[in-house]
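Report on the following structure.
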Amino acid sequence: MAKTKVTPEEALAFHLEPTPGKFEIKASVPMTTQRDLSLAYSPGVAVPCEAIAADPSTAYDYTNKGNLVAVISNGTAVLGLGNLGALGSKPVMEGKAVLFKRFADVNSIDIELDTEDPDEFIKAVKLMGPTFGGINLEDIKAPECFIIEQQLKEMMDIPVFHDDQHGTAVICAAGLLNALHISGKKIEDCKIVLNGAGAAGIACIELLKSMGARHDNCIVCDTKGVIYQGRTEGMNQWKSAHAVATDLRTLEEAMKDADVFLGVSVKGAVTPDMVASMADDPVIFAMANPDPEITPEEAHAVRADAIVATGRSDYPNQVNNVLGFPYLFRGALDIHARAINDEMKIACAEALAELAREDVPDEVAMAYGRKLSFGRDYIIPTPFDPRLIHRIPPAVARAGMDTGVARRPIIDMDGYEENLKSRMDPTASILRGLNARARNAQARMIFAEGDDPRVLRAAVTYQRSGLGKALVVGREEDVKAKLEAAGLGDAVREIEVVNAKNTRHLETYTDFLYSRLQRKGFDRHDVFKLAARDRHVFSSLMLQHGHGDALVTGATRKSAHVLELVNHVFDADAEHGAVGVTALLHNGRIVLVADTLVHEWPDENDLANIAERAAGVARHMGLEPRVAFVSFSTFGYPVSERAEKMHIAPQVLDKRGVDFEYEGEMTVDVALNRKAQDNYPFQRLTGPANVLVVPARHSASISTKLLQEMAGATVIGPILSGVDHSIQICSTGSTANDILNMAVLAACKVG
């Protein structure tokens, strides 16, 4: 699989645009009228204030405390970068906050404390307790992190969790449960060797001991070798707790006959000889970042029976903290927990392990481009498994309730799981799946408008993201100048610039085009000019002749004009069954609108074709289509000849016997709103529609642009469907990211 390349310029641009940083705060209540302001602030706010003063537990009812976590650091151990200071850690803490939101819908805010004194740090965090439902400590160096976490847990009545310690431990434990399940070993019988006695290492070994690993079977090593009873050099109370009576002194000696190796240390700490000396079916968790103690290739070269996990996403079995902390806090917050205890961490690990043993949903397999099934290369779920949100928090919540840390136990567990399912934004997993499919396709993508900086940035990102080869149509010197102006000068050597001057195929292109256009009023000279000078036509000819796999165009010219030019080369018009489908993403919903590009005023047969094409696009995107033919009337009322074709179109589909849900005609609210649908018990949709077939192109254009401007919906498309080749036409207002999204759709051959 292609490796992703992220340049410093891209990373800085990502944090700078569209506004500095990675998140903003939005009001969740109306704030428009004087009455709203009176309720939100003075005098109305006095009422909940008094209620909370009388009964502090009602803070969870009247404020955001119950879904708010602080991500707190002093920047003394930032990623693998060392002590960058409080301010230097802020981008990481902001990143952690948005991961909480993205994976578990937990609101989170970052706090950077400018002190290396544990007592000052502890005091500051303790004083902030009333604000938050939980505290996530991050990137604090050992041994201070142990002192800070331990004291805060004793002082505070909300969960305090140092993710670098326990997050790694929980995922590691989940993977180990499954690795031992495969090798048929019991944790209490295993000889376990840990290399790296920092925060994460000690937390891993402590959690495994609380799950049944025996103290005498666990050998902990640091830079000075084995931590044995009686050792004085480089020791502290946390290491001493794991010292064992042994004659072993080096990692190499300890590894002999070991069942499990856990590494939270440095690249290359483990040699092939050490792996060769381990017991049968050895389990190797080489979690050093960014490079593991030993690579899976090196380990498997000497031991085919090894089960290997790393911290990296480009190898199987990634030990990724994002599988743990969002769901641990989600479960803890939802029972208003006083703490996150060992039982909750073990419940999280066990639920993760169980999930990996189950059949993997198609959308996950699709996102990773391969069939995943429980085994040596799949012992830990993938971070984008949509089941995580409704499987892990309930397990955590149950453990919290059973151990008495819940202030408010959950009575209806089934209802809770349903609620969790509805919390997550399905659009994220759809886009993720499309990106993974595009990465597997490795399409040579033709970007037609190489004179536009947005297109160039999209092309560079396409190639650097490992999606495939970017072919840019433009003049070399112009492309070079524009890339340099965008701070991407070094990308000139990476992408391929193509034009009429540097291709050896121009004659072939011209001959083909002349054969298509000679009876449409074009002479040989006209055709040559079109092929050589119009980049939309030239790009289409490249695609037609297999000199690229897919095409993205339209960012610089109106889509109707671009479609006209593309039609010189392809049959991309209404009579040949082409259809434009626009995807609207808003508030966690995705709705497709068609036809937004080709048909000016479709009749009932055209509308039936449009519905079939749009349903195909929906399935390509991982949605099960529910199609509504929308109008200003619902099931014949009010009567209007304008709505008649919308009334007849479903009957056309009845005759065709299609394999998706459809209904109509109906107004948009009936199509999209479950309660409105209940007023028509005879209608056939089993839920809100996700494909809207509209009466004409003007209504499609008005509705999609209105949603974009008024509601801030993300618009992807129009996606061109029903053409033999993969062509996507952007809108002129597209950002570089929109153009990249269209390239991803083109690579996946959506439509």
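Remember, it's a predicted structure, so these values are computed and weren't measured experimentally.
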Pair F660-E612, side-chain contact (heavy atoms from CB on, under 4.5 Å): steps then yes or no: CA-CA 9 Å; F660 55 85; E612 289 197 57; 4.2 Å; yes
When the ring planes of H536 and H561 are compared, do they come out parallel, tilted or perpendicular, using 30° and 60° as the limits? perpendicular
Any heavy-atom pair between the side chains of Y416 and E418 that's under 4.5 Å? no
Give the minimum heavy-atom separation between L740 and A458, together with the two atoms involved. CD1-O, 3.7 Å
Taking R589 for its side chain and L672 for its backbone only, find out whether a donor-acceptor pair lies under 3.5 Å. yes
Using the side-chain contact (heavy atoms from CB on, under 4.5 Å) rule, take L467 and V744 through it: C-alpha gap first, then chi angles, then the decisive distance, then the call. CA-CA 8 Å; L467 296 166; V744 165; 4.1 Å; yes
What I'd like to find out is whether the side chain of H725 reaches to under 4.5 Å of the side chain of S540, using heavy atoms alone. no
Is there a side-chain contact between R439 and R437, using heavy atoms and a 4.5 Å cut-off? no
Can the ring centroids of F103 and F325 be said to lie less than 6.0 angstrom from one another? no
Worked check of salt bridge (charged side-chain N to carboxylate O under 4.0 Å, His left out) between D451 and R535: CA-CA 10 Å; D451 56 340; R535 55 198 52 190; 3.1 Å; yes
Would you say the side chains of R330 and N67 form a donor-acceptor pair under 3.5 Å? yes
Does one side chain, of E665 or H647, offer a donor that lies under 3.5 Å from an acceptor on the other? yes
Between D549 and R444 (salt bridge meaning N to carboxylate O under 4.0 Å), is one present in this structure? yes
Least distance between heavy atoms, A611 atom then F629 atom: CB-CZ, 3.7 Å
CG (L543) and OG1 (T553) are apart, to the nearest 0.5 Å, by 11.5 Å
Within-4.5 Å side-chain heavy-atom neighbours: M31 and V29: yes
Measure the CD1-CZ distance between I727 and F570 for me, rounded to the nearest 0.5 Å. 4.5 Å
When you check the gap from the basic side-chain N to the acidic O, do R391 and E358 get nearer than 4.0 Å? yes
Check the side chains of E661 and T686 for a donor-acceptor pair under 3.5 angstrom, ignoring hydrogens and angles. yes
Heavy-atom count around E644 CD within 6.0 Å, excluding the residue itself: above 12? no
Decide whether a cation-pi geometry holds between R642 and F632; the criteria are a distance under 6.0 Å from NZ or CZ to the six-membered ring centre and an angle within 45° of the ring axis. no
Is there side-chain contact between V98 and E94, with at least one heavy-atom pair below 4.5 Å? no
Quick one: list whatever passes salt bridge (charged side-chain N to carboxylate O under 4.0 Å, His left out) with R613, sequence neighbours left out. none
Between A574 and V598 the two heavy atoms that sit nearest each other are N-CG1, 3.3 Å
For the NZ atom of K469 and the CD1 atom of I495, what is their distance to the nearest 0.5 Å? 8.0 Å
Distance col, row T32:OG1 vs L37:CG, nearest 0.5 angstrom, shows 8.0 Å
Cationic N near anionic O, under 4.0 Å, D452 to R557: no
A572 and L563 have their tightest heavy-atom pair at O-CD1, 3.8 Å
Could you check whether any side-chain heavy atom of L352 comes within less than 4.5 Å of a side-chain heavy atom of L388, counting everything from C-beta outward? yes
Should R454 and T735 be marked as a side-chain contact (heavy atoms from CB on, under 4.5 Å) after you check the CA-CA gap, both sets of side-chain angles, and the distance that decides it? CA-CA 6 Å; R454 295 167 301 161; T735 63; 5.9 Å; no
Expected output: side-chain S108 to main-chain V69 donor-acceptor under 3.5 Å: yes
Under a 4.0 Å N-O cut-off, is there an ion pair linking R697 with E600? yes
For A578 and L720 the tightest heavy-atom approach is CB-CD1, 4.3 Å
Per-pair distances, 0.1 Å, donor-acceptor, side chain in residues 676-683, under 3.5 Å, sequence neighbours excluded:
unit_1, atom_1, unit_2, atom_2, d
Q677, NE2, V670, O, 3.2
Q677, NE2, A671, O, 3.1
Q677, NE2, G687, O, 3.3
Q683, OE1, L685, N, 3.0
Q683, NE2, L685, O, 3.1

Between the side chains of T382 and D385, is a donor N or O closer than 3.5 angstrom to an acceptor N or O? no
Side-chain contact, heavy-atom cut-off 4.5 Å: T596 with S701? no
Are T667 and V630 close enough that some pair of their side-chain heavy atoms sits under 4.5 Å apart? no
Salt-bridge test for R619 and E624: reply yes if a basic N is under 4.0 Å from a carboxylate O, no otherwise. yes
What's the separation between atom CG in L456 and atom OG1 in T461, rounded to the nearest 0.5 Å? 10.5 Å
I'd like to know whether E663 forms a salt bridge (charged side-chain N to carboxylate O under 4.0 Å, His left out) with R684, so could you lay out the CA-CA distance, the side-chain angles of the two residues, the decisive distance to 0.1 Å, and finally the verdict. CA-CA 6 Å; E663 188 56 283; R684 295 176 289 192; 3.3 Å; yes
Are a donor atom and an acceptor atom from the side chains of N609 and R656 found within less than 3.5 Å of each other? yes
Which distance, rounded to the nearest 0.5 Å, do you find between the OG1 of T714 and the CG of D738? 8.0 Å
I'd like to know if the side chain of Q318 pairs up with that of S313 as donor and acceptor (distance under 3.5 Å, no hydrogens or angles considered). no
Full working for side-chain contact (heavy atoms from CB on, under 4.5 Å) between C730 and V552: CA-CA 7 Å; C730 308; V552 177; 3.6 Å; yes
Give a yes or no on whether a salt bridge exists between E17 and R457, defined as a side-chain N under 4.0 angstrom from a carboxylate O. yes
Shortest non-hydrogen separation from G548 to I446 and the atoms involved: CA-CD1, 3.8 Å
Polar side-chain atom of K22 near backbone of H15 as donor-acceptor pair, under 3.5 Å: no
